[in-house]
Every structure is written in C-alpha cells, then in structure tokens.
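Right, one structure below, let's go through it.
Computed from heavy atoms alone, side chains included, the values below leave out hydrogens, waters and symmetry copies.
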Amino acid sequence: MVRDTEPFLFLGGSPALDFVNTEIVVHGEPKDLLGGESDLLHWMSASGLACAGMRTRGLADAKVLRSELRRMFLRLAAGEPLRPADVEGINDALAGAGGHLEVRFRDHRPHIEIGLLGRPSPAFLIARATAEFLAGADLSLIRQCEGSGCILLFYDTTKSHTRRWCSMAACGNRSKAAEHYRRVSKSRKAG
C-alpha cells in the first residue's frame, strides 16, 4: 500500500529487498515507483544507501539490477538454493565501480570497506548492500507476501518465522477480513 507522503515501502527487512519492492501492484496494476533519476536518488536517500559523491545518474543500470534481484529473491522465497548465476549481476555492479578493500574503524572496531577510485553508482551501492545481506542472512527466511495480488518480498525475522504478509496493516488485514467474510457467508448459507 502506497502512502501519498512517502511513496516508498520499507518493510522488507533489508535495503536489497526494499529496493526490489520499488515495483508494486496498486489496484491490480503493476507500478514502478522509480519513474526517473530523481525517484532513484530519493529512494537511495530514504533507504540510507546514499553517500557523499554518489553519481546522480544510473536509473537504467539500477533497474536492470532490480530485475535480476527480483528473480533471485523469488527463487530463494520458493525454497531454491542460491546459485552462482544468481549473483552475476551483483558482482558486475560491484566490479564496475573500481576500487580496493580497506580496513576502517566503526565504533572503535575494524571492518572491511571498499575504497572507490571514483564516485559510486546507485547500482554499486545497492549491489554492495545486497552482497552484505546475502553474506549474513539466513536465506531460507526470504518470503513473498501471501496477500492477494501482492508482489512484495520480505525477510522474516519473527521469532516463529511464520510471517505471511508484507505488512499486517495492508495485506494482513485484507486477508483476515476476506477470510472473516467467507466464514460469515458460509455460515449464513448453511443456516
């Protein structure tokens, strides 16, 4: 469900999944929330992936990466294993940036960071977030929303790992209301 004040949905549990979720379905019709370069830059900022010196162009490359990520995440949500072919687009986006690895400190702890030779593209920054997610996540917990007509994906971090909907406020409530209506209609017909 899209709000008028903030067109992007951040309920995937990962910037990688949230980026894929910039393609949605509204009233049964597909909608691309990235209509132009300014939308991509706004999403990058809202997601926390934007950085100083980031290239301000790159919508076409980002959309190609998004399509590849959607296919990969749908396979994972269906319980299929991650394959080397699934990460080729991610590796291409990472290799295209040019750079080197550095050890830097965050909160007085060392971590590896990529030192770039030029300005990073949005696709590079999204690919980096995806690579970090894939390396640290339990990939069996990637899910596709069970809401009727919903195409959103999410990472199920619930304790019981039984999350079914992108959000309870949107698809969860609609599903529960539809089930209630079916039960009431069935009992009226039986009575």
Side-chain angles (χ1 to χ4, degrees), residues 1-78 85-98 114 116 118-134 137 142-156 163-175:
M1 176 176 282
V2 179
R3 299 181 312 275
D4 292 335
T5 57
E6 173 62 60
F8 302 116
L9 304 170
F10 293 99
L11 36 90
S14 155
L17 292 164
D18 289 332
F19 182 65
V20 171
N21 290 341
T22 59
E23 287 182 303
I24 62 173
V25 173
V26 178
H27 304 297
E29 297 293 321
K31 179 174 176 143
D32 187 345
L33 300 178
L34 301 178
E37 297 286 345
S38 63
D39 295 329
L40 175 60
L41 293 177
H42 182 228
W43 185 88
M44 295 292 294
S45 178
S47 72
L49 292 182
C51 69
M54 180 182 75
R55 280 189 235 158
T56 58
R57 296 266 181 243
L59 182 62
D61 290 340
K63 284 187 173 188
V64 167
L65 179 60
R66 180 180 64 187
S67 178
E68 293 173 5
L69 294 180
R70 177 170 293 285
R71 279 191 297 276
M72 176 189 68
F73 284 132
L74 285 172
R75 287 185 74 258
L76 292 169
D86 293 329
V87 298
E88 287 176 0
I90 298 166
N91 287 334
D92 288 346
L94 292 172
I114 298 173
L116 299 174
R119 296 185 315 170
S121 70
F124 169 83
L125 296 168
I126 294 162
R128 179 180 173 186
T130 304
E132 290 169 348
F133 174 69
L134 292 174
I142 295 171
R143 309 272 192 266
Q144 183 172 8
C145 180
E146 293 179 19
S148 177
C150 187
I151 63 169
L152 299 182
L153 295 155
F154 60 89
Y155 187 59
D156 182 2
R163 181 176 165 191
R164 298 176 52 202
W165 301 290
C166 60
S167 88
M168 191 60 191
C171 291
N173 283 344
R174 279 194 299 271
S175 179

Write down the atom of [X], the atom of [Y], and the distance for their closest heavy-atom approach.
X    : Y    : value
C150 : Q144 : O-NE2, 3.8 Å
N21  : G12  : ND2-CA, 4.2 Å
Y155 : R163 : O-NH1, 3.7 Å
A77  : L153 : CB-CD2, 4.4 Å
C51  : L125 : SG-CD1, 3.9 Å
L11  : S167 : CD2-CB, 4.0 Å

Where do F124 and R55 land on the side chain to side chain contact (heavy atoms under 4.5 Å, CB included) test, with the steps shown first? CA-CA 10 Å; F124 169 83; R55 280 189 235 158; over 6 Å; no
Any chance you could measure [X], atom [atom1], to [Y], atom [atom2], to the nearest 0.5 Å?
X   : Y    : atom1 : atom2 : answer
I24 : L152 : CD1   : CG    : 7.0 Å
L40 : M54  : CG    : CE    : 7.0 Å
S47 : H42  : OG    : NE2   : 10.0 Å
D18 : F8   : CG    : CZ    : 11.0 Å
F73 : L134 : CZ    : CG    : 5.5 Å
L69 : I126 : CG    : CD1   : 8.0 Å

Does any pair with a residue in residues 44-64 pass ring-ring contact (aromatic ring centres under 6.0 Å, His included), and if so which ones, sequence neighbours excluded?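 Listed by first then second residue: nothing to list.
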State whether the side chain of R119 and the backbone N or O of S121 hold a donor-acceptor pair below 3.5 Å, judged by distance alone.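 Not at all, since once roles are kept as given, no pair shorter than 3.5 Å links the two residues.
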Backbone of L41 reached by a side-chain donor or acceptor of S45 within 3.5 Å: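 No.
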List the residues meeting side-chain hydrogen bond (donor to acceptor under 3.5 Å, both in side chains) with [X], not counting sequence neighbours, and say none if there are none.
X   : value
R70 : E23
T56 : none
D32 : K63, R66
E37 : none

Qualifying residues under ring-ring contact (aromatic ring centres under 6.0 Å, His included), relative to F19, sequence neighbours excluded: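 Partners of F19 under the ring-ring contact (aromatic ring centres under 6.0 Å, His included) test: W43.
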With S14, which residues qualify under side chain to side chain contact (heavy atoms under 4.5 Å, CB included), at least two apart?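 Expected list: A16, L17, F133.
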Residues in side chain to side chain contact (heavy atoms under 4.5 Å, CB included) contact with A131, at least two apart in sequence or another chain: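 Here the qualifying residues are I90, L94.
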Scan residues 86-95 for pairs that pass side-chain hydrogen bond (donor to acceptor under 3.5 Å, both in side chains), counting only residues two or more places apart or in two chains.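 The answer is R75-D86, R83-D86.
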